[in-house]
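Reckoned from all heavy atoms, side chains included, excluding hydrogens, waters and symmetry mates. These figures come from a predicted structure and were not determined experimentally.
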Amino acid sequence: MARIKEYKRIQNVSKAHRYLYAKYILSKKTPIEILKNTLEPSEFDWLLNNHTNLLFRQWTRIYEFDDLARAVLKVDKNRALTIKIYKVAYSLCKCAADYAFLAFCIHRTLGSKRWCKELYETAKHSIKSGFCRINMLNFIEMNILKGKELDMFLQKSLKRTKYNKKFYENMSYELRKINQEDYADKFYQKFLQLKMIEPERVRLKNYIEDDEAESTPLILSQEEYKKNAESADYFCALNRILTDALRAFGKRKWMYEMYKLSGEKEQSIDDYAAIADIMKTKFKDHETALKILHKALNKLKEPDAEVWCAESVIKVSIKHGELEILKQACKAVIGKKYSYGLRLASCIIKGGADRNLAIDFIKSELRSSRSIVDFLRVAYFILTEFNDKEWAIEVVLSRIDKN
């Protein structure tokens, strides 16, 4: 079992925002693999066609099974299949935190107190950490952990010494929210005993004065802006200065000349693309913009080019209707390692360009995919960006059937 290290994930699953659960993986297999090997073929096929997006989740946690089970019951009123899905989740539980969270899910969805009581009996013998003890509080709200057994559980938790001070603070916080005030106070007192008092740091800056200074805009003359721009070492610094100058004075010839000159110097792919966009959008100089965009394209074609910069070239090409440059930019990076194929495909789709270019990137991603997680990532993209369920399902099944 993956070790629970810290309280990184807080899942707000009730109005009280009380249920904590760790973000760790219950199995190396994905939910779709587990369900395919567990459910009847007809049940699995039905889920795959009716709840495709939920089956394409990449990680195996109780969240994934709970979301699927709730959808099956709410949308399709299929209680029998809902129970089967929760039973699959139960088979993956390894500690009290798992059983306690699963009990809450079942209680909320099915209202089965008998099943929750069975989970409690299993959970109380599977407490492996302070985090498990915090999650056991779920059973208090279900009115399963109560009376003398509740007192014994909280007294034992209070006497534990191996947990750090944060455990006692969290227990106090959670107990207070479920109206266990007496024990909440006791846990908080324990937290205060363990807390190391740190000296308050002396503030070296007057933040009020700093904030006022930052909120006052710099008022410079055109000559001062020009001088600052001439001394800028990088395009990003130059662009910040000229953007401010444009906002203050509107378009001026000296600003245009500076942008044009920066396009003639050696720049990165992203900077060339940005300059081309500015020349076209702000100064309406199509010819210069096209020359600079070609520079970005040529740099992108170099063997050691930073291929993720293709995104900026693709976006600017689509924005200004330079379809030939778009095609060449795609051709320059497709199939390369770390080509960010899905990200670039998304840019093409959102920009309203030729979807066949996006399909080429998707196919390239599939060729380089190895694990089931890789295939699920591509399939989910196909499902959500292309709205092509049939292709998405085909992609996933082609990988699962290889196992």
Side-chain angles (χ1 to χ4, degrees), residues 1-24 61-63 66 93-203 207:
M1 182 187 77
R3 189 156 56 101
I4 302 173
K5 294 183 178 179
E6 52 192 323
Y7 307 95
K8 274 193 172 178
R9 178 164 181 156
I10 299 178
Q11 182 76 351
N12 296 333
V13 294
S14 77
K15 290 181 180 178
H17 303 302
R18 208 212 59 72
Y19 298 91
L20 298 168
Y21 193 65
K23 184 182 180 180
Y24 74 104
R61 299 164 297 193
I62 290 175
Y63 303 117
D66 181 44
C93 294
K94 296 178 173 65
C95 69
D98 303 332
Y99 296 115
F101 185 70
L102 179 60
F104 166 76
C105 296
I106 290 170
H107 187 266
R108 176 184 58 181
T109 306
L110 297 172
S112 176
K113 196 166 184 179
R114 179 187 58 80
W115 195 356
C116 293
K117 285 180 178 178
E118 292 175 4
L119 288 168
Y120 168 69
E121 292 299 323
T122 307
K124 70 181 183 181
H125 298 297
S126 308
I127 297 174
K128 300 179 180 181
S129 67
F131 194 76
C132 289
R133 289 188 175 274
I134 291 175
N135 274 270
M136 288 294 288
L137 302 184
N138 290 1
F139 293 109
I140 300 175
E141 291 198 323
M142 291 179 238
N143 201 31
I144 293 171
L145 180 56
K146 57 185 177 179
K148 290 183 179 179
E149 196 166 12
L150 171 59
D151 286 331
M152 288 175 60
F153 170 76
L154 292 176
Q155 286 286 359
K156 189 173 181 180
S157 299
L158 195 59
K159 291 177 181 177
R160 302 290 284 186
T161 57
K162 66 178 183 178
Y163 303 137
N164 62 33
K165 62 182 183 294
K166 196 68 179 173
F167 163 74
Y168 300 98
E169 184 184 29
N170 284 335
M171 280 289 281
S172 172
Y173 179 65
E174 301 302 335
L175 285 164
R176 200 171 302 281
K177 284 193 284 184
I178 54 176
N179 301 317
Q180 296 289 329
E181 297 290 342
D182 290 343
Y183 275 106
D185 291 340
K186 291 177 182 178
F187 275 93
Y188 193 70
Q189 288 301 318
K190 185 72 174 280
F191 162 69
L192 292 177
Q193 291 171 14
L194 297 172
K195 184 180 179 182
M196 293 176 64
I197 308 299
E198 297 179 358
E200 186 177 354
R201 293 181 180 178
V202 178
R203 286 191 163 191
Y207 288 99

request  = Go through the structure and list residues passing side chain to side chain donor-acceptor pair (under 3.5 Å) with T109, not counting sequence neighbours.
outcome  = Y86

inquiry  = To the closest 0.5 Å, what do you measure between CD1 (I134) and CD1 (I127)?
reply    = 12.0 Å

inquiry  = Could you report the tightest heavy-atom contact between L145 and M136, atom names first, then the distance?
reply    = CD2-O, 4.0 Å

query = Is there a donor-acceptor contact under 3.5 Å from the side chain of D98 to the main chain of C95?
reply = yes

message = Quick check: closest heavy atoms across A123 and Y99, and the distance to 0.1 Å?
response = CB-CB, 3.7 Å

request  = Return the minimal non-hydrogen interatomic distance between C132 and S126, and the atom names on each side.
outcome  = SG-O, 4.3 Å

task = Give the C-alpha distance, both sets of side-chain angles, the deciding distance and a yes or no for side-chain contact (heavy atoms from CB on, under 4.5 Å) between D66 and R108.
result = CA-CA 10 Å; D66 181 44; R108 176 184 58 181; 2.4 Å; yes

ask   = Does the ring center of Y173 lie less than 6.0 Å from the ring center of F187?
value = no

query = Which heavy atom in M142 sits nearest to a heavy atom in A100, and how many Å separate them?
reply = CE-O, 4.3 Å

inquiry  = Tell me whether K124 is salt-bridged to E121, with the criterion being a basic N under 4.0 Å from an acidic carboxylate O.
reply    = yes

task = Take I62 and C93, measure what side-chain contact (heavy atoms from CB on, under 4.5 Å) needs, and give me the verdict at the end.
result = CA-CA 8 Å; I62 290 175; C93 294; 4.1 Å; yes

Which residues share a side chain to side chain contact (heavy atoms under 4.5 Å, CB included) with K113, sequence neighbours left out = K117, N143, I144

task = Please round to the nearest 0.5 Å and tell me the distance separating atom CG of L102 and atom CH2 of W115.
result = 7.0 Å

request  = Go through the structure and list residues passing salt bridge (Lys or Arg N to Asp or Glu O under 4.0 Å) with D151, not counting sequence neighbours.
outcome  = none

task = List for me each residue that meets ring-ring contact (aromatic ring centres under 6.0 Å, His included) alongside Y120, sequence neighbours excluded, and say none if there are none.
result = F139

Rounded distance (nearest 0.5 Å) linking atom CZ of R133 with atom CD of E174 = 15.5 Å

inquiry  = Checking Y183 now: which residues fulfil ring-ring contact (aromatic ring centres under 6.0 Å, His included) with it, not counting sequence neighbours?
reply    = none

message = Measuring from atom CG of L192 to atom OH of Y168, what distance do you get when rounded to the nearest 0.5 angstrom?
response = 13.0 Å

request  = Report yes if the side chains of R176 and D185 come closer than 4.5 Å at any heavy-atom pair, otherwise no.
outcome  = yes

Flag, side chain of S157 to backbone of F153, donor-acceptor distance under 3.5 Å = yes

key: Interatomic distance, L137 atom CG to L154 atom CG [nearest 0.5 angstrom]   = 7.0 Å

ask   = Passes side-chain contact (heavy atoms from CB on, under 4.5 Å), K159 versus K156? Steps please.
value = CA-CA 5 Å; K159 291 177 181 177; K156 189 173 181 180; 5.9 Å; no

task = Under the side chain to side chain donor-acceptor pair (under 3.5 Å) rule, collect the residues that match up with E169, sequence neighbours excluded.
result = K166

key: From Q180 atom CD to S172 atom OG, the distance as rounded to the nearest 0.5 Å   = 12.0 Å

query = Looking at residues at least two apart in the chain, or sitting in another chain, which of them share a side chain to side chain donor-acceptor pair (under 3.5 Å) with Q193?
reply = none

message = Please enumerate all residues that pass salt bridge (Lys or Arg N to Asp or Glu O under 4.0 Å) together with K186, with sequence neighbours excluded.
response = none

